[in-house]
Amino acid sequence: MFVVAGVALMLIWYFGAQDGQPNAELAAVAFGAPYCLLGLLAFLGGRTGRPALTLFASTPLVLMSLISVILVPLALPAGFLVVRAISGLMAGQQHQRPLEMFLPFVVTAAPVLAFGYLLFHQDPASWRSDANTMHSAGDIVTVTESVLSLGAVAVSAAVAYFWLVKRPSE
């Protein structure tokens, strides 16, 4: 559900961009990718018996669901995931190794920071689509900002993959 909402966020960002806005496609993907990854990590945390991963992934989803009117209804399921993860931690389903608490935090912190960076960045004020036309907007995301966001999401996804899927056999 949250992955689909992340794709919807990408579409909202892309179609909401002004005509000729530079880097609109990459910016849309960079804006929605953290949301998609956190939704996937919350799901995987529940499926693999790691409530700490579900907790650290779903808590930011509650706040991230409040950035768009379209996403506000998802704050309730994200809140439900938070409560479910807390009850899982209280029931003792969590492994007791420190790595099992540190890795979920790091894996989910990267996309949250990437998303926050895109929300609270310094906007370039204007651009030219041709020699005679000047545009300006307050939501321009540069290529560097997009690449940093996508890089953080990619590193987080890779660490989560090797942690969840490629675990050494016990």
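The basis for the numbers below is simple: all heavy atoms, side chains too, and nothing from hydrogens, waters or symmetry mates. These numbers come from a predicted model, not from an experiment.
- Hydrophobic clustering (ILVMFWY, side-chain heavy atoms < 4.5 Å, transitive): Leu44 and Leu103 are in one cluster.
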Could you list the donor-acceptor pairs under 3.5 angstrom formed by side chains in residues 51-58, with sequence neighbours left out?
residue: Thr54; atom: OG1; partner: Ala42; partner atom: O; Å: 3.2
residue: Thr54; atom: OG1; partner: Gly46; partner atom: N; Å: 2.9
residue: Ser58; atom: OG; partner: Thr54; partner atom: O; Å: 2.6

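- In terms of hydrophobic clustering, with Ile, Leu, Val, Met, Phe, Trp and Tyr side chains grouped at heavy-atom distances under 4.5 Å, Leu164 and Phe43 are assigned to a common cluster.
- Scanning both residues, Val3 and Leu40, for their nearest heavy atoms gives CG2-N, 4.0 Å.
- Counting all heavy atoms, side chain and backbone alike, Leu37 lies closest to Val153 at CD2-O, 3.5 Å.
- Looking at Ser149, its side chain never comes within 3.5 Å of a backbone N or O of Ser146 through a donor-acceptor pair.
- For the atom pair CZ (Arg84) and CZ (Phe80), the distance works out to 6.0 Å, reported to the nearest 0.5 Å.
- Here the straight-line distance linking atom CD1 of Ile67 with atom CZ of Phe115 works out to 3.5 Å at 0.5 Å rounding.
- Residues Val69 and Leu11 do not share a hydrophobic cluster, clusters being chains of Ile/Leu/Val/Met/Phe/Trp/Tyr side chains in contact below 4.5 Å.
- In this structure, Leu148 CG and Leu113 CG are separated by 12.0 Å, a value rounded to the nearest 0.5 Å.
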**Derivation and outcome, side-chain contact (heavy atoms from CB on, under 4.5 Å), residues Trp163 and Val106** = CA-CA 12 Å; Trp163 174 47; Val106 171; over 6 Å; no
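- Residues Val29 and Leu41 do not share a hydrophobic cluster, defined by chaining ILVMFWY side chains whose heavy atoms lie under 4.5 Å apart.
- Rounded to the nearest 0.5 Å, atoms CD1 (Ile86) and CG (Leu81) are 11.0 Å apart.
- By the side-chain contact (heavy atoms from CB on, under 4.5 Å) test, Leu74 pairs with Met1, Phe2, Ala5, Tyr35, Ser65, Leu71, Pro77, sequence neighbours left out.
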**Stepwise side-chain contact (heavy atoms from CB on, under 4.5 Å) check, Leu9 with Met64** = CA-CA 11 Å; Leu9 187 60; Met64 291 167 64; over 6 Å; no
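- The shortest distance between side-chain heavy atoms of Met10 and Phe31 does not fall below 4.5 Å.
- Hydrophobic clustering (ILVMFWY, side-chain heavy atoms < 4.5 Å, transitive): Leu63 and Leu119 are in distinct clusters.
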